[in-house]
Amino acid sequence: MISIEKALEIVHKQEIEKSIREVALENSHGFYLAEEITSPFDLPSFDNSAMDGYAVSGLSDTYQIIGEIPAGDTSDKSLQKGEAIRIFTGAKVPENTTAVVMQEKTEVENSVLHIDGSVSEGQHIRQRGNELSLGETVFSHGHLISPASVGLIGSLGLNQVKVFNKPDIRIISTGNELIPPGEPKSEGQIYESNSFSLQSALQRYGFECREKIHIEDDFSAIKSGIADYLDRSDILLLSGGISVGDYDFVKQALVENGVTQLFYKVFQKPGKPLYFGRKENKFVFALPGNPASSLTCFYIHVLPLLQRFSGAAEAGLKRLSIPISHQFEYGSDRPIFLKAHVENKTASILNRQSSSMIHSMAMGNALVFFDGPKSVPEGEMVEVILI
Ligand code: AMP
Ligand code: MG
């Protein structure tokens, strides 16, 4: 059995062969950058107006209006002192512009512009390069491309970006008692839910489950199911059959498929019987069957591997410090992830914490982490992972 920290370190230290491809800008969201992006020009690349109004030259109360510049006008205009030009948001300001005056603060009479109030030098002009300078590093390798990142990359004129490929992921659920939702159930059977929650967790973080299959607790069926999926996947997730029961065949089936164990059993609650292994550049997590264990292990241990495999500069969910809304006592010495709900900047630990229950996880939006027995008064800061 190893500690949570050691397990995370083992995942973190894996050498992963990553592959790169070029994607169109509109398909780049959610990928991690496989190149550094520097600004090919000053942004904005010309001084332009932040308002609909008038570009004026010199500081005065009145100006002579000499024309207009709509957005997109590429001609070179210039002003003499005492002159103004009608200008629109985003249009290039003419040479010798002192300021832009918003149209709400002006009146026009016979081509003469009268200013309400005063003009201050530089007002309402977006200076060339005030957002980015030519050559400035915009994004480093491993940056997760967000919608705003897509916008920024586009505004730099790039329509293609190099990104890391995402892993091919497949899921195998095991267990004789499991039947798919939608089918009638007999006494002694339960509905298979882990593959659905795992699939959804993958989607939530920008990954995709290529295929999934359910296999009974039969050693040779599990062995050949693993062989088949491992062949076609970068990452294989298994659910169930990894504990110490007589029908838990997953570990041996992995051995016989040439998978090398990197760890088995983590000193944590829930999710103790967690297995991690690799075969060449392929990785396997065998997750405990209990629904809350399986999903907790995904958030804490699987996600960082998926992110690193995809080229992420930083992996794992952020941990925050948030006050607890009520007094709480935790007795066991095993570090624990408790299902919780965070609202109004406080965390409430929910009832129904058993690893067999997914209900509290479904009601909550966070895990509270205690590294050992604890008695915390209301208002004490606790470590929270938003899920
Ligand atoms: P196991 O890890 O196979 O010993 O399973 C532990 C518990 O989790 C048992 O109560 C199983 O019925 C339940 N379980 C296993 N796999 C699933 C699954 N895919 N969906 C829902 N419950 C499961
Ligand atoms: Mg089982």
Side-chain angles (χ1 to χ4, degrees), residues 1 7 169-204 207 209-226 228-230 233 235-257 259 261 263-277 284-303 334 336-337 339 352-364 367 387:
M1 188 127 51
I169 305 167
R170 286 180 176 73
I171 300 175
I172 298 178
S173 53
T174 68
N176 286 346
E177 73 282 26
L178 306 172
I179 57 160
E183 286 189 6
K185 179 169 75 69
S186 306
E187 189 86 350
Q189 295 182 314
I190 63 162
Y191 287 117
E192 195 282 302
S193 61
N194 289 350
S195 74
F196 293 90
S197 52
L198 291 170
Q199 231 178 333
S200 313
L202 289 171
Q203 280 169 15
R204 156 129 195 222
F207 300 96
C209 167
R210 286 292 162 96
E211 275 177 289
K212 66 175 189 176
I213 190 174
H214 169 246
I215 305 177
E216 304 245 301
D217 294 316
D218 174 283
F219 179 73
S220 65
I222 292 176
K223 184 178 160 187
S224 62
I226 290 174
D228 176 38
Y229 266 16
L230 199 55
S233 310
I235 292 172
L236 177 60
L237 303 180
L238 287 125
S239 142
I242 191 65
S243 205
V244 293
D246 292 350
Y247 295 91
D248 291 338
F249 299 126
V250 168
K251 196 157 163 282
Q252 188 55 27
L254 288 166
V255 170
E256 297 198 14
N257 270 294
V259 177
Q261 179 183 311
F263 64 73
Y264 175 53
K265 290 200 174 161
V266 181
F267 192 60
Q268 63 181 9
K269 201 175 167 178
K272 187 171 77 171
L274 173 66
Y275 169 102
F276 178 52
V284 179
F285 272 105
L287 309 168
N290 275 316
S293 308
S294 147
L295 199 51
T296 302
C297 287
F298 177 89
Y299 287 123
I300 305 302
H301 299 282
V302 179
L303 185 58
R334 228 189 309 157
I336 190 167
F337 297 96
K339 291 82 157 172
R352 308 184 217 194
Q353 288 289 337
S354 161
S355 59
S356 64
M357 300 175 182
I358 193 82
H359 178 272
S360 52
M361 231 171 164
M363 296 301 121
L367 296 171
I387 56 170

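Order of appearance sets the numbers: ligands from 1, and atoms from 1 within every ligand. Hydrogens, waters and symmetry mates play no part in the numbers below; they use all other heavy atoms, side chains included.
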Margin query: Tell me whether Asp218 contacts the main-chain N or O of Ala221 through its side chain, where contact means a donor paired with an acceptor under 3.5 Å.
Written below: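 Yes, Asp218 side chain to Ala221 backbone: donor-acceptor pair under 3.5 Å.
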
Next item on the list: State whether the side chain of Gln199 and the backbone N or O of Leu202 hold a donor-acceptor pair below 3.5 Å, judged by distance alone.
Entry: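 No, the answer is negative, given that no donor and acceptor are paired below the 3.5 Å cut-off.
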
In the protein, which heavy atom is nearest to [atom], and how far is it?
atom                    : answer
atom 22 (N) of ligand 1 : Ile190 CD1, 3.5 Å
atom 4 (O) of ligand 1  : Asp248 OD1, 4.1 Å
atom 17 (C) of ligand 1 : Asn194 ND2, 3.3 Å
atom 6 (C) of ligand 1  : Asn290 N, 3.7 Å
atom 12 (O) of ligand 1 : Glu177 OE2, 2.5 Å

Next item on the list: Please work out which of the three classes, parallel, tilted or perpendicular, describes the rings of Phe276 and Phe285, given edges at 30° and 60°.
Entry: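 Ring orientation, 0 to 90° scale: parallel.
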
Under 4.0 Å to a heavy atom of [X] - the qualifying atoms of ligand 1, by number:
X      : value
Tyr191 : 21 (C)
Ser239 : 16 (N), 19 (N)
Glu192 : 18 (C), 19 (N), 20 (N)

Next item on the list: For the residue pair Arg170 and Ser233, confirm or rule out a side-chain donor-acceptor distance under 3.5 Å.
Entry: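 Result is yes, a qualifying pair exists.
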
Margin query: Taking the cut-offs as 6.0 angstrom to the six-membered ring centre and 45 degrees off its axis, would you call Lys265 and Tyr275 a cation-pi pair?
Written below: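 Cation-pi check for Lys265 and Tyr275: fails.
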
Item checked: Row check, Phe196 ring normal vs Lys212 NZ/CZ: under 6.0 Å, within 45° ->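 Yes - Lys212 lies over the ring of Phe196, closer than 6.0 Å to its centre and within 45° of its axis.
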
Margin query: Heavy atoms only: which of Ala286, Gly289, Ser193 lies closest to atom 2 (O) of ligand 1?
Written below: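 It is Gly289 that holds the nearest heavy atom.
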
Proximity flag [X] to ligand 1, non-hydrogen atoms under 4.0 Å:
X      : value
Gly241 : yes
Gly175 : no
Tyr247 : no

Item checked: side chain to side chain contact (heavy atoms under 4.5 Å, CB included) partner of Ser173, chosen from Ser239, Ser193, Ser294 ->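 Running side chain to side chain contact (heavy atoms under 4.5 Å, CB included) over Ser239, Ser193, Ser294 with Ser173 returns exactly one hit, Ser239.
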
Checklist line | Test side chain to side chain donor-acceptor pair (under 3.5 Å) applied to Gln252 and Glu256, step by step | finding: CA-CA 6 Å; Gln252 188 55 27; Glu256 297 198 14; 3.1 Å; yes

